[in-house]
Amino acid sequence: MQDLNKLWKLFNEKFTNTGLVKGAFSAPGRVNLIGEHTDYNEGFVLPMAIEKEIIMLGQLRKDREVRVFDLVYNVEIDFSLDKLISLRKNIWANYLMGVMDEIQKAGYLLQGANIIFKSNIPQKAGLGSSATLEVVTALTMTKLNSLKIEPVKMARICQQAENNFVGVACGIMDQYVSCLGQKNYALFIDCRSNDYELIPFKDPNYQIVICNSKIQRGLVNSEYNKRREECKIATGFFKHKLNHEIQALRDISIDEYKIYQSQLPKVIARRARHVISENRRVQSGVQALRMGNYPVFAQLMIESHQSLKDDYEVSCAELDLLVDLALKQEGVLGARMTGAGFGGCTVNLIEKNYIDAFKKNIKNEYKKITGINPDIYITLPAEGAKVLELR
Ligand code: GLA
């Protein structure tokens with residue numbers, strides 16, 4: 001937890017007190033346990049919020065100006081709520097502007113604010129840092145302006161900010177879990193209905209461990225959008241072939257897939273197979289966790305990685321290496337890449353007693369082969385976006 005008093009001190013040094021309402025807010029990053037590239041196919045996902053967060057402090061202003069100081073890069077940006085235009089430099093500010101734009105478009109009235117924020121979520125590591133910045137901004141602006149926006153609606157506003165203002169066609173998973181995560185639970189989200197169920201994830205014998213490959217997700221935006229397009233093509237094909245109503249790959253059964261797959265271009269068939277099988281894995285995984293069966297869940301994680309690597313082709317050599325190394329370690333039940341892919345992190349399910357040996361071995365072996373020092377984070381499922389102490 002970052003030191004709030006120190007942050008308030010900095011805030012007070014940066015900005016003149018406007019005498020209006022102040023507040024401190026936080027939102028967590030996320031790791032996806034299973035259900036990758038299924039959210040934008042109206043499918044199922046099972047992420048959890050992690051113990052890494054962005055803290056934002058804000059005070060309302062009398063005018064429509066926003067002044068933001070980013071403690072990650074030590075940069076200040078000023079803009080007006082009447083003129084929200086995306087920037088080419090300091091693109092982090094686009095996440096804030098995008099959220100404010102979407103809140104206003106949804107019909108809410110905003111006043112300006114002075115803001116500072118600080119993050120301990122590694123960037124471009126597939127741990128949801130962009131979504132978290134959106135969510136903490138949404139919470140800050142709604143609370144300071146005394147608005148009432150339900151968490152699911154807030155997640156949707158944040159997703160739209162990223163789609164419309166930042167220009168990344170992401171699904172809703174990251175924003176959703178950052179808004180609604182809960183301690184000791186993973187979130188089983190139905191990305192069609194936007195309903196969720198809390199799935200207990202707190203067996204004292206097991207631990208989630210995240211390995212950061214330190215490969216930054218370079219290709220991610222263009223390849224991400226390409227995968228979305230490929231899924232659309234597959235959906236169109238099945239819609240044409242089958243008589244019943246097909247809205248998304250979510251609606252295709254494995255049997256239907258098997259009957260028609262040979263008529264699809266090979267690449268499209270593989271993309272569809274990943275999404276269709278991944279949805280089943282999430283459902284089986286949730287079933288296993290409801291019964292406390294971690295080994296079965298872990299096996300599904302391993303299968304998920306294989307499918308992301310071979311069928312969806314969003315892994316990379318370093319992520320595959322981290323998974324292979326992990327699965328050779330004693331006490332490791334499951335390992336897979338997490339997030340959009342092309343770099344970033346793996347998520348591992350490990351017996352608690354073996355964590356120290358795991359950390360030591362992975363660090364040594366990964367460094368020996370790649371020359372890179374990986375980062376390793378141990379985390380419990382954390383709480384979603386929240387108000388910190390008010391002053
Ligand atoms: C990124 C997106 C999510 C989701 C994942 C892949 O994190 O923001 O919406 O599509 O990739 O599962």
Side-chain angles (χ1 to χ4, degrees), residues 27-50 52 94-95 98-99 121-135 152 155-181 186-192 194 196 210 212-213 216-232 248-250 271 274-279 281-282 285 300-301 304-305 307-309 311-316 319 336-347:
R30 68 100 186 88
V31 68
N32 190 16
L33 298 175
I34 198 159
E36 220 64 83
H37 291 276
T38 43
D39 61 352
Y40 54 82
N41 287 298
E42 300 184 19
F44 304 104
V45 291
L46 187 73
M48 66 179 219
I50 58 173
K52 290 201 174 290
N94 292 338
Y95 297 100
V99 167
I121 307 173
Q123 289 177 41
K124 294 190 179 167
L127 297 178
S129 63
S130 319
T132 308
L133 183 52
E134 290 153 11
V135 169
V152 174
R156 184 90 182 100
I157 283 176
C158 293
Q159 180 202 9
Q160 279 168 343
E162 187 145 347
N163 293 171
N164 300 334
F165 206 88
V166 181
V168 177
C170 66
I172 200 169
M173 168 172 70
D174 304 351
Q175 292 82 357
Y176 199 116
V177 67
S178 185
C179 284
L180 280 139
L187 223 57
F188 175 38
I189 308 169
D190 177 333
C191 300
R192 169 168 285 165
N194 279 338
Y196 72 95
I210 299 167
N212 185 348
S213 69
Q216 292 209 342
R217 308 170 309 142
L219 279 172
V220 75
N221 290 353
S222 58
E223 289 296 323
Y224 189 92
N225 291 343
K226 204 157 133 199
R227 295 298 179 282
R228 282 196 76 138
E229 277 311 305
E230 289 164 342
C231 290
K232 238 193 228 163
L249 286 176
R250 144 86 168 268
R271 305 296 190 247
H274 166 72
V275 175
I276 295 165
S277 62
E278 185 78 350
N279 273 327
R281 281 187 288 274
V282 181
L300 293 160
M301 291 171 76
S304 167
H305 184 79
S307 174
L308 287 159
K309 173 175 180 271
D311 279 350
Y312 219 61
E313 295 179 283
V314 290
S315 188
C316 66
L319 289 173
R336 59 181 287 274
M337 57 152 276
T338 186
F342 302 102
C345 292
T346 61
V347 55

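Counting convention: from 1, in listed order, for ligands and their atoms alike.
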[atom]: the protein heavy-atom neighbour that sits closest, reported with distance to 0.1 Å:
atom	answer
atom 3 (C) of ligand 1	D39 OD2, 3.3 Å
atom 5 (C) of ligand 1	M173 CE, 3.8 Å
atom 8 (O) of ligand 1	D174 OD2, 2.8 Å

Query - is_close_aromatic(F44, F188), centroid dist under 6.0 Å - result: yes
Any nitrogen or oxygen of [X], main chain or side chain, under 3.5 Å from a nitrogen or oxygen of ligand 1?
X	result
C170	no
H37	yes
Y224	yes

Requested in this report: For S307 and R281, run side chain to side chain donor-acceptor pair (under 3.5 Å): C-alpha distance rounded to whole Å, both residues' side-chain angles, the deciding distance at 0.1 Å, then the answer.
Outcome: CA-CA 11 Å; S307 174; R281 281 187 288 274; 3.2 Å; yes
Quick one: which ligand 1 atoms are inside 4.0 Å of a heavy atom on [X]?
X	answer
G171	9 (O)
Y40	10 (O)
R30	7 (O)
A340	1 (C), 11 (O)

Query raised in the report: Are D39 and R250 within salt-bridge range, i.e. N to O under 4.0 Å?
Result: no
Query raised in the report: When you look at R30 and S178, which way does the side chain to side chain donor-acceptor pair (under 3.5 Å) test go after all the steps?
Result: CA-CA 7 Å; R30 68 100 186 88; S178 185; over 6 Å; no
Under 3.5 Å, is there a donor-acceptor pair between the side chain of [X] and the main chain of [Y]?
X	Y	answer
Q159	C170	yes
Y196	V152	no
T132	P28	yes

Query raised in the report: With backbone taken as N, CA, C and O and side chain as the heavy atoms from C-beta onward, which portion of R228 lies under 4.0 Å from ligand 1: side chain, backbone, both, or neither?
Result: neither
Report task. With side chain to side chain donor-acceptor pair (under 3.5 Å) as the test, would you mind laying out the steps for S130 and E162 before giving the verdict? Result -> CA-CA 8 Å; S130 319; E162 187 145 347; 4.7 Å; no
Report task. Please confirm whether E278 comes under 4.0 Å of ligand 1, counting heavy atoms of the residue only. Result -> no
